[in-house]
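We name chains A, B, ... by the order of the sequence lines, and we start the count at 1 in each one.
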There are 2 protein chains.
Amino acid sequence: MSDTPDKTQDRLYQDLARSLMEELASGRYPIGARLPAERELATSYNVSRPTVREAIIALEVQGLVEVKVGSGAYVRRLPGKEDLPGFNITAFELTEARLLFEGEAAALAATQASDEELDGIERLVEAIARENQQADGAEKSDREFHLAIARATRNTAIYNAIEHLWDLRATSPEAALLHEKARSANIKPVVDEHTAVLTALRNRDPGAARAAMRAHLAQVIDSLLFATEERAIEEARRTAQAKRARYQSAP
Amino acid sequence: MSDTPDKTQDRLYQDLARSLMEELASGRYPIGARLPAERELATSYNVSRPTVREAIIALEVQGLVEVKVGSGAYVRRLPGKEDLPGFNITAFELTEARLLFEGEAAALAATQASDEELDGIERLVEAIARENQQADGAEKSDREFHLAIARATRNTAIYNAIEHLWDLRATSPEAALLHEKARSANIKPVVDEHTAVLTALRNRDPGAARAAMRAHLAQVIDSLLFATEERAIEEARRTAQAKRARYQSAP
DNA sequence: CAAGAGAATTGGTAAGACCAAAAGGAAATG
DNA sequence: CATTTCCTTTTGGTCTTACCAATTCTCTTG
């Protein structure tokens, strides 16, 4: 098992899609411009037309281009670095963002959530407690708990953004690993923190909900720091002594 | 010109992709399950294999499935309603989310931004003032202003999320239209609001930065409300009298 | 029973063909 | 001369066939 256990290779269309995205990023094709015809791209890139079609569809699904039948593919927006493969975010950045955003979401949810939604959240808190006892580390209910609160804001944009942050964790192997390690080292407290959030929601107290959610995620950041130290020490043991001091001093 | 001026039709692969997503949502293929082979899907859906490939690539780009060469396509995650086409977010939801998130981002930026970044933000405020005088309604600098603040948080996840919210506006024709209308009706105030945010940032005052940004976006929401009423009246004039009262009473 | 070689399955890509929509220009028309 | 109409060209949409490569299955073999 390497760092990336099951990397799926091949996929020629991905190479072409990446090349085209770089062309877009270079400014060669500004917004509104038309890309060369599929047949032209096929010959210039030495691939078949189906491959070109696949690449363009990849861009289309990401909202980068718009294909008009009989006319061509037109640039819709320019790619940012988050569109490029290998885009990773630190677990700390992710959790800091969640601290801010989910704190506000909890505050809003305190004023918007229905009693039924609060009941559902309470069941999720219980589910989290059960999962923690099993110790096989399922964080599914944890995710659902946070997303249920986001949903209770009745604001699709907020829910969408917070769900996006959770998904980002999965795209970053490092972040996922760190979270897993943090979870195994620190289990009990999260139950109390979750119930604190729920209580604030039931009391319809936005400020308390925000504070409880922030406290919870601040605790997560702490455990991430702890796990980072652990990981650093592990690596230091495994590698040369020279690296040891450096990793231990890193927060 | 109808409500959707340039709807691109056809695209058989999209129909198939949607069908497959519905299959995933139905639970028929749980996470980790393998989809039928491309050739099987082609025959069962009465399409060609290239079309099946295109549909699967659409799912792959969205992170719904993972394709393993020589093995098959495996379910990676289940689709939510935000994955389905026709997913639109209200301009109000969008701005409410921005009010909460960008408020926090401004507060964080007040403690993190470098002097150079603040200078850059100041230049953007000036650019916004210039664009407003031209009255041809370019909101490019406005976007840059908000994104510069998000970037000043030094947190990629926060920047990414806020940029995502801005991009969502483009995907929703209704939201874009409403914003355009709101802009044309209400120009002057935004300059003062932007300078207020900048001043708070320069003073390194997180609370003031949050408050200024929230005030600014609250103002945007107000102008959206105003524009909504305008639009309602316009439509009412254009359509039958019977509809008139109904639209006018809608907030 | 285990290990290895071969066959079957599956995705990856190419090439060619034909259809339908769109765009551009030429000809007919007012 | 301007406008409209129609036809040709371009372009994307889809299908079919074919072959290659990676994987998986199966059956033989020691």
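Applying the side chain to side chain donor-acceptor pair (under 3.5 Å) test to residues at least two apart or on different chains, the pairs with a partner in residues 24-34 of chain A are A:Glu23-A:Arg28.
Salt bridge present: A:Glu163 and A:Arg143 bring a charged side-chain N and a carboxylate O closer than 4.0 Å.
By the 30° and 60° cut-offs, the orientation of the rings of B:His164 relative to A:His164 is parallel.
Rounded to whole Å, the distance from CG on B:Leu16 to P on D:dT14 is 10 Å. One can place CD1 of B:Ile57 at 11 Å from C1' of C:dT13, the figure rounded to the nearest angstrom. The separation between B:Glu54 atom CD and C:dT13 atom P is 13 Å, rounded to whole Å. Rounding to whole angstrom units, CZ of residue B:Arg53 and P of C:dT10 are separated by 15 Å. Computed from coordinates, the B:Leu12 CG to D:dT14 C1' distance equals 8 Å when rounded to whole Å. Distance B:Leu59 CG to C:dG11 C1': 15 Å, rounded to the nearest Å.
With D:dT24, D:dG13, D:dA22 as the candidates, the nucleotide lying closest to the side chain of B:Ser71 is D:dT24. For B:Thr51, taking side-chain heavy atoms from C-beta onward, the closest of the listed nucleotides C:dG12, C:dA21, D:dT14 is D:dT14.
In terms of the side-chain contact (heavy atoms from CB on, under 4.5 Å) criterion, residue partners of B:Ser48 (sequence neighbours excluded) are, by chain and number, B:Pro50, B:Thr51. For A:Ala73, the side-chain contact (heavy atoms from CB on, under 4.5 Å) partners two or more places apart in sequence, or in a different chain, are A:Leu35, A:Ile56, A:Val67. Listed by chain and number, the residues in a ring-ring contact (aromatic ring centres under 6.0 Å, His included) with B:Tyr13 amount to none (sequence neighbours excluded).
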For nucleotides 4-6 of chain D, print each protein N/O atom paired with a nucleotide N/O atom at under 3.5 Å, atom names and distance only.
none

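For the pair B:Glu102 and B:Ile149, the minimum side-chain heavy-atom distance is 4.5 Å or more. Proximity of A:Ile31 to A:Arg76: side-chain heavy atoms (C-beta onward) are nowhere separated by under 4.5 Å.
Position along DNA chain C of the nearest nucleotide to A:Pro50 versus B:Gly72 favours B:Gly72 as the more 5'-ward residue.
Within residues 33-49 of chain A, the residues that place at least one heavy atom under 4.0 Å from DNA chain C are, in residue-number order, A:Arg39, A:Asn46, A:Val47, A:Ser48, A:Arg49.
Nearest heavy-atom pair across B:Glu93 and A:Asn155 is O-ND2, 3.0 Å.
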